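Sharing a structure with you now.
Nothing here was measured: the structure is a model prediction, and the numbers come from that model.
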Amino acid sequence: MLGKLSWAAIPFDQPIPMAASVLVCVGMLSVLGLVTWKGWWSYLWREWLTSVDHKRIGVMYVLLALVMLLRGFVDAIMMRTQLAIAAGAAQGYLPPEHYDQIFSAHGTIMIFFVAMPFMVGLMNFVVPLQLGVRDVAFPVLNAVSFWLTAAGALLVNASLVVGEFARTGWLAYPPLSELQFSPGVGVDYYLWALQISGIGTLLAGINLVTTLLKLRAPGMGYMRMPVFCWTALASNLLIVAAFPILTATFAMLLLDRYVGMHFFTNDGGGNAMMFVNLIWAWGHPEVYILILPAFGIFSEVIATFSGKALFGYRSMVMATMAICVLSFTVWLHHFFTMGAGANVNAIFGIMSMIIAVPTGVKVFNWLFTLYRGRIRFEVPLLWALGFMITFVIGGLTGVLLAVPPVDFVVHNSAFLVAHFHNVIIGGVLFGGMAGFYYWFPKAFGFTLDRRLGAISFWCWLIGFYLAFMPLYAVGLLGMTRRMQHYADVTWQPYLIVAEAGAIVILCGIVATIAQIVVSIRTRERRRDRTGDPWNGRTLEWSTASPPPAYNFAVLPRVESLDAFWAMKQRGPIVPAQRYDPIEVPANSPNGFVTAFFAVVTGFALIWHIWWMAILGLACAALTLLGFGWIERVEHEVSGEKLADAERARLRTMEPA
């Protein structure tokens, strides 16, 4: 009846997982109880859970990323603590089987459920506003995309309470991930969670590509789009091209595990190395899927807080699209040691160095934008400057790893761990935080506390260097990655410093939480009544803060790059003579209900509860079909209401 599921799935005999499970359950029940006590369910259902507004969906993506950042960081600090004490005769406090689950969950969560939702959320929120349009191309599909991503995150967290997570690392290489060596449900949790969330990401990519190519304000040609829109276009083109590879690869591994096929089992005529090729044919474009939107954020932030147009706009666009194309030509540098031969290694090594050129172009353009600008050291710019220094170091170590002889020496070492985190934290996470601070007043109508924001930034920056620079050194000394214990006690001082760095980063996270709490409590004196708190250059700052559901009462006419800046230079913005009624898409529970059944189906497939899997899959399909046949309902906003709202908004802007 319940397949493989039994009471043995709950880790009663393991105190650390059990304590974590109880803590998570208590936290979730407390939140649900608070919402019920306050009577917020109706508001949440109406305004958030069933919303198809791209701005609300973008905010929910970012909220999911921040919540999962806390979960992923708990895993990180547990690993750092274990490695700081597990030297020589000391074995530490984490048994190997639990440590393996932690580092697998950490990588999976940070890439798929922190970095991806953070970037997709910011793109969802900002891109339609910068394009001067009212929503994405497919609003209901946008909601389905988000809720499928949230469903995947829920399944990963369910493994903490019921069963186990994979012990294979975050990429689940065969043969370790095959049924013979991982007979438990951990790999199944990993595969089904990422299949469900991956479908959501692919749908989001299709939606944003369509929006960027087909929906733009009158007069906004491609070469008048903000740089963030260009990086969003490149990133989502990569999603559309790369994520089907991931889906197909995981489908083959699932067939190996569930029906005894042999795609990746060498003994059965398959090839485990083919999995590595396929996973990195997705995996290296994935790095650029994450970093390209961050590049766009830094471009917007640096131009705004320099008081200048971005230097070399056309070269930035060309560099962005060059990275988009070249990102599919470098995947093999992740496994130079596989034995492909000198010629293959040389080609991929050269391509890995070439792809650094357009990234260098971007760095110099940012520097020239700052040169002789009226620089304002607001918190978003601090994150951008910290990124420029940190990411250049990560990029240089990446070029070093692209040299095959060097890679043979440091492959699979802590040096590689340091490089990867150098790029992902110093690039993607710093970019996400810059965007979070930059667009927060646009999303919520008030600014964040500057002092606590600066404290958070400095803790993250200093903590990062303390946590990961020692790993470069200890990697060169011979420490391999994925170690739960090490015999060479001379490595321990480096790892103690790395532990101290993780603690400093923890202080930065606490400062961010305190900043949000303090800012909410003092929001009345932080109100942004102009819609343009930073003296911005692009169209999102021409709307109210937060923007109305329809974004723009009248679609703006774009006549140049930095359209809003040009409008401000021409003089005061006056109300339109006539406002036509606007149709706004009605809410839809499609995404939430579909995701609910996706969770049921995924959980059932993990535990081989076949009747539940069939029922969940059928209900998900019926939900999509049912809502697809319902005639689309839209709300109309009258011209009179639009006129009143716009005149009131423009009156508040006059003093500014």
Side-chain angles (χ1 to χ4, degrees), residues 53-56 58-59 122-136 211-212 215-221 223-230 232 296-297 299-301 303-310 313 378 380 435 438-447 527-580 582 584 637 639 641-656:
D53 185 344
H54 73 95
K55 300 178 290 296
R56 296 280 171 103
V59 169
L122 291 172
M123 288 189 288
N124 247 290
F125 181 86
V126 176
V127 163
L129 291 170
Q130 287 198 338
L131 292 177
V133 297
R134 296 201 168 99
D135 211 321
V136 294
T211 302
L212 283 153
L215 300 181
R216 297 189 302 279
M220 182 175 281
M223 296 311 291
R224 289 178 180 172
M225 289 199 309
V227 169
F228 182 72
C229 291
W230 273 106
I297 292 167
S299 298
E300 302 295 335
V301 166
T304 296
F305 294 109
S306 298
K308 292 172 58 181
L310 186 69
Y313 170 82
E378 298 289 347
Y438 184 57
W439 284 303
F440 186 93
K442 177 55 59 179
F444 295 102
F446 60 94
T447 57
R527 287 288 178 196
D528 168 31
R529 305 193 186 279
T530 68
D532 185 21
W534 307 124
N535 194 20
R537 310 183 69 85
T538 44
L539 286 175
E540 73 269 30
W541 305 111
S542 67
T543 65
S545 295
Y550 49 82
N551 289 350
F552 300 92
V554 177
L555 294 184
R557 177 161 293 280
V558 176
E559 298 177 358
S560 65
L561 189 61
D562 289 344
F564 185 48
W565 186 263
M567 292 177 190
K568 290 189 289 188
Q569 303 312 304
R570 287 196 293 268
I573 300 171
V574 297
Q577 296 298 315
R578 178 169 172 266
Y579 292 91
D580 295 323
I582 295 174
V584 179
V637 182
K641 287 185 178 179
L642 291 173
D644 292 342
E646 281 300 288
R647 291 190 183 103
R649 182 180 71 85
L650 292 173
R651 278 197 300 272
T652 64
M653 291 180 64
E654 285 173 5

Hey, could you give me the OG1/CG distance between Thr543 and Leu129, rounded to the nearest 0.5 Å?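 Taking OG1 in Thr543 and CG in Leu129, the distance rounds to 5.5 Å.
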Would you please name every residue forming a side-chain hydrogen bond (donor to acceptor under 3.5 Å, both in side chains) with Arg578, sequence neighbours left out?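 Arg578 satisfies side-chain hydrogen bond (donor to acceptor under 3.5 Å, both in side chains) with Asp580 only.
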Within this structure, what is the CE-CG distance for the pair Met220 and Leu555, rounded to the nearest 0.5 Å?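 The distance works out to 11.0 Å.
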Would you say the side chain of Glu378 lies within less than 4.5 Å of the side chain of Thr304, judging by non-hydrogen atoms?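 No, their side chains stay 4.5 Å or more apart.
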Going from CG on Asn551 to NE2 on His54, what distance comes out if it is rounded to the nearest 0.5 angstrom?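 Output value for this atom pair is 3.5 Å.
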From CE (Met225) to CH2 (Trp230), nearest 0.5 Å: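 These two atoms lie 4.5 Å from each other.
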Quick check: closest heavy atoms across Leu215 and Asp135, and the distance to 0.1 Å?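 So the two residues come closest at CD1-O, 3.9 Å.
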For the CZ atom of Phe564 and the CD atom of Gln569, what is their distance to the nearest 0.5 Å?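 Between atom CZ of Phe564 and atom CD of Gln569 there are 10.0 Å.
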In sequence, state the C-alpha distance, the side-chain angles, and the governing distance for Asp532 and Lys568, and then conclude on side chain to side chain contact (heavy atoms under 4.5 Å, CB included). CA-CA 11 Å; Asp532 185 21; Lys568 290 189 289 188; 2.8 Å; yes
Can you name the salt bridge (Lys or Arg N to Asp or Glu O under 4.0 Å) partners of Asp644, sequence neighbours left out?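 Asp644 satisfies salt bridge (Lys or Arg N to Asp or Glu O under 4.0 Å) with no other residue.
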Non-neighbouring partners of Lys55 that pass salt bridge (Lys or Arg N to Asp or Glu O under 4.0 Å), sequence neighbours left out: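 For Lys55, the residues satisfying salt bridge (Lys or Arg N to Asp or Glu O under 4.0 Å) (neighbours in sequence not counted) are Asp53.
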Under the side-chain hydrogen bond (donor to acceptor under 3.5 Å, both in side chains) test, residues paired with Glu540 that sit two or more places apart: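 Scan of Glu540 (side-chain hydrogen bond (donor to acceptor under 3.5 Å, both in side chains), adjacent residues dropped) gives Gln130, Trp439, Thr538.
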What's the separation between atom OH in Tyr313 and atom CZ in Arg224, rounded to the nearest 0.5 Å?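 Result: 10.0 Å between the selected atoms.
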Per the side-chain hydrogen bond (donor to acceptor under 3.5 Å, both in side chains) rule, what does the pair list look like for residues 553-563, sequence neighbours excluded?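 Checked against side-chain hydrogen bond (donor to acceptor under 3.5 Å, both in side chains) - neighbours excluded - the pairs reaching residues 553-563 are Arg537-Asp562.
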By side chain to side chain contact (heavy atoms under 4.5 Å, CB included), which residues pair with Pro533, not counting sequence neighbours?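 Pro533: side chain to side chain contact (heavy atoms under 4.5 Å, CB included) contacts with Pro441, Thr447, Asp528, Trp541.
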